Student: 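Please read through the structure below; I'll follow up with questions.
We count ligands from 1, going down the list as the structure has it; atoms in each ligand are counted the same way. In this text, all values refer to a predicted model and were calculated from it rather than measured experimentally.
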Amino acid sequence: MEEFLCTEDLCRHFGGVMATNKVCIDIEANGLRSIIGPNGAGKTTFINVVTGRLPASSGKVTFRGRDITNKPTHKLVKMGICRTFQITSIFQNLTVFENVRIAKQARLGGSLRVFSARKSLKAVTEQTWAILERLELQDLADQPAKNLAYGDQRVLEVAIALAGEPQILFLDEPTAGMSPAETQHISELIRGLADEISVVLVEHDMDLVMSISDVISVLHYGSIIAEGKPEEIQNNEMVREAYLGKEE
Ligand SMILES: Nc1ncnc2c1ncn2[C@@H]1O[C@H](COP(=O)(O)OP(=O)(O)OP(=O)(O)O)[C@@H](O)[C@H]1O
Ligand SMILES: [Mg+2]
């Protein structure tokens, strides 16, 4: 099987803190990989390094066999490696439709030049609707983003990321601050996405992680201490100790 996204001994330190410590991970081309671990375990740092927001201190990231270590974010996005950027990526005064359309236009960009203006507009419009429907945002299409409930804003971020046609999408705590109903809704959407593309989820809600993940990787002090299916992780003694602290 062809390799998809892998890291080899990936490291990132901040002064003496090994935020990412020799991480070797092998992520599948589809499915839902969760990355869990106590606060400060290095989950966000790992995503930042892999998606080009922070340079690695050492080690390697490969995508489909190509070395992508320390490539700039915009190049990674073009290759299909995306993450959500929280509320900052939303234009609050534009409608839901316009927000996704702009992202879609940016993605299609130059490739539209060969078509007439009318044909390009049609392609962008159709693909924008397809994303809105996939994320069940179609009824909110005409609403300015600022009118959206918090949970719907976060779904809109995912829609904007999807407009970039990712092959792998990193989501760092997408349910943070959501109500139980909003959490339930976005988790169903995320599960649906993971059947088509690769989704890497950082999430603190253990019930959610255990119910929707295909594979879970556990980080502790920057290193992966366990990896496996939800039931394997749930029964793993090292994982319990990492979360609960070792009993003296
Ligand atoms: N920009 C930075 N400068 C210095 N230290 C940092 C920086 N970013 C992260 N760290 C440190 O690196 C370690 C890992 O942090 P990181 O944010 O990756 O953890 P996390 O697993 O995402 O935690 P949380 O669950 O709280 O979001 C922590 O000790 C943190 O203090
Ligand atoms: Mg974090």
Student: So which of Val215, Val209, Ile216 actually passes side chain to side chain contact (heavy atoms under 4.5 Å, CB included) with Ile233?
Tutor: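 Only one of Val215, Val209, Ile216 forms a side chain to side chain contact (heavy atoms under 4.5 Å, CB included) with Ile233, namely Ile216.
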Student: Less than 3.5 Å apart, any donor N or O on the side chain of Ser217 or Arg33 sitting next to an acceptor on the other?
Tutor: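 Per modelled atom types, Ser217 and Arg33 side chains form a pair under 3.5 Å.
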Student: Please report whether atom 31 (O) of ligand 1 has a protein non-hydrogen atom at a separation of less than 4.0 Å.
Tutor: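 Answer no: nothing from the protein, no heavy atom, is under 4.0 Å.
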Student: Quick check on Arg64: does its CZ atom have over 12 non-hydrogen neighbours (other residues, nucleotides or ligands) under 6.0 Å away?
Tutor: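 Correct, the count exceeds 12.
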Student: Does any N or O atom in Gly37 lie less than 3.5 angstrom from one in ligand 1, N or O only?
Tutor: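 N/O-N/O distance below 3.5 Å does not exist for this pair.
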Student: Under the criterion side-chain hydrogen bond (donor to acceptor under 3.5 Å, both in side chains), I'd like the reasoning laid out for Asn30 against Ser198: C-alpha separation, chi angles, the key distance, then a yes or no.
Tutor: CA-CA 4 Å; Asn30 58 55; Ser198 180; over 6 Å; no
Student: Any idea which protein heavy atom is nearest atom 11 (C) of ligand 1, and the distance to it?
Tutor: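 For atom 11 (C) of ligand 1, the nearest protein heavy atom is Phe14 CD1, 4.0 Å.
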Student: Heavy-atom contacts with Ala19 under 4.0 Å: which atoms of ligand 1 show up? List them by number with element.
Tutor: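 Counting from 1, the qualifying ligand atoms are 12 (O), 13 (C), 14 (C).
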Student: Checking a contact table here: which protein heavy atom is nearest atom 26 (O) of ligand 1, and how many Å away?
Tutor: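 So the nearest neighbour among protein heavy atoms is Asn39 ND2, 3.0 Å.
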Student: What protein heavy atom lies closest to atom 25 (O) of ligand 1? Include the residue and the distance to one decimal.
Tutor: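 So the nearest neighbour among protein heavy atoms is Lys43 NZ, 2.7 Å.
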Student: So is Gly42 touching ligand 1 or not, going by heavy atoms under 4.0 Å?
Tutor: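 So Gly42 counts as touching ligand 1.
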Student: Show me which atoms of ligand 1 lie under 4.0 Å from any heavy atom of His204.
Tutor: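 Those qualifying, in numeric order: 25 (O).
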Student: Do Asp214 and Arg191 meet the salt-bridge criterion of a basic N to acidic O distance under 4.0 Å?
Tutor: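 Result for this pair is yes, salt bridge flagged.
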Student: Would you call Arg154 and Glu157 a salt bridge, using N to O less than 4.0 angstrom?
Tutor: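 Answer for the salt bridge query: yes.
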Student: Quick check: does Asn39 put an N/O/S atom under 2.8 Å from the Mg ion (ligand 2)?
Tutor: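 Checking the Mg ion (ligand 2) against Asn39, no N, O or S atom falls under 2.8 Å.
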Student: Can you tell me the protein heavy atom closest to atom 13 (C) of ligand 1 and the distance?
Tutor: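 So the nearest neighbour among protein heavy atoms is Gly40 O, 3.6 Å.
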Student: Considering Asn48, Ile36, Thr44 one by one, which has a heavy atom nearer to atom 17 (O) of ligand 1 than any of the others?
Tutor: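 Nearest option to atom 17 (O) of ligand 1, by heavy atoms: Thr44.
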Student: What closest approach, in Å, do Ala161 and Arg83 show between heavy atoms, and which atom pair accounts for it?
Tutor: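 Reported closest heavy-atom pair: CB-O, 4.4 Å.
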Student: So that I can tick it off, tell me whether Glu165 and Lys78 are bridged by a salt bridge, with the cut-off set at under 4.0 angstrom between side-chain N and carboxylate O.
Tutor: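 No, no charged N to carboxylate O under 4.0 Å.
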Student: Among protein heavy atoms, which sits nearest to atom 29 (O) of ligand 1, and what does the distance come to when rounded to 0.1 Å?
Tutor: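 Its nearest protein heavy-atom neighbour is Val17 CG1, 3.7 Å.
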Student: Where is the nearest protein heavy atom to atom 27 (O) of ligand 1: which residue, which atom, and how far?
Tutor: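 Sorting protein heavy atoms by distance from atom 27 (O) of ligand 1 puts Glu173 OE2, 3.5 Å first.
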Student: Can you find an N or O of Phe46 that's nearer than 3.5 Å to an N or O of ligand 1?
Tutor: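 There is no such contact.
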Student: With a heavy-atom distance limit of 4.0 Å, tell me whether Thr45 approaches ligand 1 through its side chain, its backbone, both, or neither.
Tutor: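 Thr45 to ligand 1: contacts from backbone and side chain alike.
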Student: Assess whether atom OH of Tyr221 is packed by more than 12 heavy atoms of other residues, nucleotides or ligands within 6.0 Å.
Tutor: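 Counting other residues, nucleotides and ligands, OH of Tyr221 stays at 12 neighbours or fewer.
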Student: Distance only, no hydrogens: is a donor on one side chain within 3.5 Å (strictly under) of an acceptor on the other, for Thr175 and Glu203?
Tutor: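 There is such a pair between these side chains.
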